[in-house]
2 protein chains.
Amino acid sequence: MVRSVWFKIDFASHVPVYKQIKEKFKLLILTGELKPGDFVPSIRTLADDLKVNVNTVARAYRELAMEGVLEPVRGEGYIVRQLNEEGFIRSNIENFVDAVERCKEVGIGIERLMSLLKEIYGRRDDGSEREELGEEL
Amino acid sequence: MVRSVWFKIDFASHVPVYKQIKEKFKLLILTGELKPGDFVPSIRTLADDLKVNVNTVARAYRELAMEGVLEPVRGEGYIVRQLNEEGFIRSNIENFVDAVERCKEVGIGIERLMSLLKEIYGRRDDGSEREELGEEL
DNA sequence: GACTTTGTCATAGTGTACTATTACAGTGGT
DNA sequence: ACCACTGTAATAGTACACTATGACAAAGTC
């Protein structure tokens with residue numbers, strides 16, 4: 001509720017907007033920024049913030065509700081229920097594996113990926129030194 | 001020409017089919033399976049093999065031609081020109097970085113990614129021991 | 001009760017990806 | 001010349017994501 005601009009949508013992505021929204025909320029719950037019982041932004045306000053249509057947000061919430069992540073409360077909004085962390089983490093791992101396999105196919109050495117890995121995990125998350133990476137590429 | 005079933009399309013993916021085709025050909029060129037001067041499969045035969053429409057393959061080839069990767073030859077087909085390896089590798093690296101960052105956000109430890117990395121690079125590419133990975137996840 | 005905010009639902013229009021089908025034109029082999 | 005290939009192009013229909021808009025119902029506040 002309080003903070004409405006939790007994330008942004010990548011409109012250039014092939015990934016549908018409603019799916020991006022779903023993923024973002026799962027992440028917010030996993031990281032503890034949203035806890036069970038919390039209200040998520042109303043469909044209309046989130047739609048405004050993300051510059052997206054109401055129906056798109058509604059679809060994301062509806063599907064999250066079907067997955068048991070959110071719980072709809074008529075006239076009040078949606079509250080956080082619980083997340084299947086297991087599955088969410090797994091899908092991220094699978095994504096990582098895919099990325100690595102493609103890098104391997106393309107002939108990128110393991111050392112390069114290792115150093116990138118260390119670099120990413122080594123840096124603080126304050127948003128600084130995020131462009132430095134360019135040189136590493 | 002000889003071998004027509006070089007790859008398969010993931011119809012469940014959000015990534016458009018024509019983009020998947022483009023990526024696959026770039027990969028084939030990078031790995032040397034297709035060399036400059038080689039003919040790629042005709043639009044119709046590839047469309048048949050991939051169980052995809054002619055127009056979809058045509059679009060992929062057309063865009064690859066616009067990027068300078070392929071060269072159209074009226075009445076004969078498309079031949080491989082050259083690939084901007086630089087950019088192709090970079091896009092794969094970027095994809096890797098994104099995947100790692102998301103894993104980090106989700107709270108997955110660097111050790112886990114490291115061991116997955118080593119495992120993937122350690123295995124042979126004969127297609128065996130590809131399901132073993134499941135246990136690692 | 002009036003008002004505001006919530007979610008819900010229905011309608012309609014747009015753009016993109018993809019499909020199916022047809023037709024036409026250039027090239028090469030016979 | 002004929003035929004079998006190539007690519008090219010036009011048309012049309014389907015599915016999906018997304019948008020815009022308006023109307024309705026449930027809950028909270030005053």
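Lettering of chains follows the sequences in order, A, B, ..., and the numbering in each one begins at 1. Computation of the quantities below employed the complete heavy-atom set of this structure, encompassing side-chain atoms and omitting hydrogens, waters and symmetry-equivalent molecules.
- Rounding to whole angstrom units, CD of residue A:Glu63 and P of D:dC16 are separated by 13 Å.
- Between B:Tyr61 and D:dT6 there is no side-chain N or O to OP1 or OP2 distance below 4.0 Å.
- Qualifying ring-ring contact (aromatic ring centres under 6.0 Å, His included) partners for A:Phe25, counting only residues two or more places apart in sequence or in other chains: A:Phe7, A:Tyr61.
- The nearest whole Å value for the distance from the CZ atom in B:Phe11 to the P atom in C:dC18 is 9 Å.
- At whole-Å resolution of the value, NZ in A:Lys19 and P in D:dC16 are 11 Å apart.
- Scored by the side chain to side chain donor-acceptor pair (under 3.5 Å) test, A:Lys22 finds A:Glu63, A:Glu67 as partners (sequence neighbours excluded).
- For A:Tyr18, the listed nucleotide lying nearest its side chain is D:dC18; candidates were D:dC18, D:dA27, C:dT8.
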*Step by step, work out the side-chain contact (heavy atoms from CB on, under 4.5 Å) result for A:Tyr121 and B:Lys104.*
CA-CA 7 Å; A:Tyr121 268 83; B:Lys104 183 186 177 190; 3.7 Å; yes
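- A search for side chain to side chain donor-acceptor pair (under 3.5 Å) contacts involving B:Glu23 returns nothing, not counting sequence neighbours.
- Atom pair A:Arg62:CZ and C:dT6:P shows a separation of 18 Å (rounding to whole Å applied).
- A single hydrophobic cluster is not seen to contain both A:Tyr18 and A:Leu27; linkage of ILVMFWY side chains at heavy-atom distances under 4.5 Å, directly or through other members, places them apart.
- Distance, A:Met66 CE to C:dG7 C1': 15 Å, rounded to whole Å.
- Of the two residues contacting DNA chain C, namely A:Ile43 and B:Gly75, the nearest-nucleotide position lying further toward the 5' end is that of A:Ile43.
- If you measure from atom CD of B:Gln20 to atom C1' of C:dT16, you get 16 Å, rounded to the nearest angstrom.
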With a cut-off of 3.5 Å and sequence neighbours excluded, list every side-chain donor-acceptor pair involving residues 78-88 of chain A.
unit_1: A:Asn84; atom_1: OD1; unit_2: A:Glu86; atom_2: N; d: 3.4
unit_1: A:Asn84; atom_1: OD1; unit_2: A:Gly87; atom_2: N; d: 3.1

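- Atom P of nucleotide C:dA17 and atom NZ of B:Lys22 are separated by 11 Å, given to the nearest angstrom.
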Between protein and nucleotides 20-24 of chain D, what N or O pairs are separated by less than 3.5 Å?
unit_1: D:dA20; atom_1: N7; unit_2: A:Asn53; atom_2: ND2; d: 3.3
unit_1: D:dA20; atom_1: N6; unit_2: A:Asn55; atom_2: ND2; d: 2.9

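- Nearest-nucleotide assignment on DNA chain D puts the 5′-proximal partner with A:Lys51, out of A:Lys51 and A:Val73.
- If you check D:dT8, D:dC18, C:dT6 against the side chain of A:Ser42, the one that comes closest is C:dT6.
- Looking at residues two or more places apart in sequence or on another chain, you find no side chain to side chain donor-acceptor pair (under 3.5 Å) involving A:Asp48.
- Here the side chain of B:Arg59 is nearest to one of C:dT27, C:dA17, C:dT19, namely C:dA17.
- For the OP1/OP2 pair of C:dA17 and a distance below 4.0 Å, the side-chain nitrogens and oxygens of B:Thr56 include no atom meeting the criterion.
- Rounding to whole angstrom units, CG of residue A:Leu46 and C1' of D:dC18 are separated by 15 Å.
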